[in-house]
Structures are given as C-alpha cells and as structure tokens.
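In each ligand, atom 1 is the first atom listed, and ligand 1 is the first ligand listed. Both backbone and side-chain heavy atoms feed into the values below; hydrogens, waters and symmetry mates do not. Nothing here was measured: the structure is a model prediction, and the numbers come from that model. Numbers here simply count residues along the sequence, with the first being 1.
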Amino acid sequence: MIISNYRKIEQTMIDTAIACGRNPDDITLIAVSKTKPLSCIEDLISIHVNDFGENKVQELCDKYENVSKPVNFHLIGHLQTNKVKYVVDKACLIHSLDSLKLAKEIQKEASKRNIVSEVLIEVNVANEESKFGLSVEEVLPFLEEISTYPNIHVNGLMTIAPFVDNPEENRVHFKRLKQLSLDIISKNIDNIDMNVLSMGMTNDYKVAIEEGATMIRVGTAIFGARNYSI
Ligand SMILES: *Cc1c(COP(=O)(O)O)cnc(C)c1O
C-alpha cells in the first residue's frame, strides 16, 4: 500500500510539473514518515526512495541510527536550541531555521564538528499566530546577519501553508514565498542560495508545484493518517 501510494504521488508530481512546463527532476518528493515505524521507511527504501521527513529530533535520531542503509533525513519540525547538538550531524537539511538564537546554536555545534549545516529559513507567509517562522519582512535582515556564519549554508525557504479545505486558497502564499526568494536572489547576498523552495503537503502539493516548489513534503497521502495517541 505504501509503495503504491508513493508511486501515485510521484506520478502526480511528475504530471503536474510537466503540465506547468517544469522539469520534474527539479522537484524532490520528501516522504514524511513522522510517527510511523521504521518498517514503513524500509518499505520505501526497497524501491530506492532516499528522502524522508521527520519533525522530532529524538525520532529522527532513532531512525537514523537504525535504518538499514543511509538515506536523507530532513528535519521539518520546529527545532529547539537545546536539541541542535543531537541532530546537526544527522539531518541532511534543517527546514526550520526561524531565529537568531537557533542560528547561533547551529553555528556553534556545526563548527565543533567541522561541518557545514544545510538549512532553509522557515517563513510564516500567512502570518498565522499558531505557526513558527519569520514574517516575510524579517527574512532579509535575518539573512544579512547569518550570511557571515561560516558553518551555516542557507539553501532556500520553507513554509507550512494554512490548513484549508480548498488548496487554491494557498496559492497566494506559495506565490509570496516564491516572490520572496526572487527578491533575495536580486540582493546577491554572499553565502545565501535560493535553490530550494520547500512547500506543499498532502492537501496542496499540486498547487505548490505550480507555484515553484522544489521540495514537497507529503505524509498522509503516502503513509495514511497519523495516530498521535499511541
Ligand atoms: C506533518 C508535516 C508534513 C506532512 O503533512 P501531510 O499533510 O501529512 O502530508 C509536511 N510538513 C511538515 C512541516 C509537517 O510537520
């Protein structure tokens, strides 16, 4: 079931990209495996899936240690500064950099290990109270500040769009994130790249692709509904 679900999403991703004149190879499908057992990840590894998304540090580390072959684990959830040390050398990409305090901690821990941490800036494009992320206005000054951090490399932007019934309602937010990335590119800031736009989930990934997503994060449509009570 998981394999056929994955294949279906992958095909829809390819069809959507082609229909809007994009190269499907420019888009990575991240299988969001949070709350799901390692066996679900192993099912997808058997068909050579390489990119998985986790939102908790402990769970990411457990799966990282126990998986049968090395794959990419993306940290897509909020990251507390006191947990940076556990995950900085395990996450292939941290999608949720959202404060200077967190950037300082990532810089410190990455520097200790002599690695460069690959990150995205989380942007709260819809200004939702309940969400983490910088406001659109905060992003440029933030980037100017952290561009001098030698052990952090910014690859682009991430957003979690509002939960809506009609995915078309989120088009405006995806457009806004894309426009923000173009504005940033035009500033030519050292050490800041904008190759990645991580946006779109089960309900709205097609719209996100049409608006320029280069990474989509899909959980429910691949693994089924999550049970948070166990
Ligand atoms: C859980 C989660 C997803 C996947 O959501 P689905 O609606 O199940 O596809 C994507 N991104 C983030 C940041 C998440 O926490």
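- A salt bridge between Glu210 and Arg171 is present, with a side-chain N of the basic residue lying under 4.0 Å from a carboxylate O of the acidic one.
- For Thr159, there are no side chain to side chain donor-acceptor pair (under 3.5 Å) partners two or more places apart in sequence or in a different chain.
- The ring pair (Phe, Tyr, Trp, His ring centres under 6.0 Å) contacts involving residues 106-138 comprise His78-Phe132, where partners must be two or more places apart or lie in separate chains.
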Report each N/O pair between ligand 1 and the protein that falls under 3.5 Å, naming both atoms.
from     : atom 1 : to     : atom 2 : distance (Å)
ligand 1 : 8 (O)  : Thr220 : N      : 2.8
ligand 1 : 8 (O)  : Thr220 : OG1    : 2.5
ligand 1 : 8 (O)  : Arg226 : NH1    : 2.8
ligand 1 : 8 (O)  : Arg226 : NH2    : 3.0
ligand 1 : 9 (O)  : Thr202 : N      : 3.0
ligand 1 : 9 (O)  : Thr202 : OG1    : 2.5
ligand 1 : 9 (O)  : Gly219 : N      : 2.8
ligand 1 : 11 (N) : Arg217 : NE     : 2.8
ligand 1 : 15 (O) : Lys34  : NZ     : 2.7

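- With hydrophobic clusters built from ILVMFWY side chains whose heavy atoms lie under 4.5 angstrom apart, Leu177 shares a cluster with Ile216.
- Atom NZ of Lys83 sits in a sparse spot, with 12 or fewer heavy atoms from other residues, nucleotides or ligands closer than 6.0 Å.
- Judged as a salt bridge (Lys or Arg N to Asp or Glu O under 4.0 Å), not a single pair has a partner in residues 32-52 (not counting sequence neighbours).
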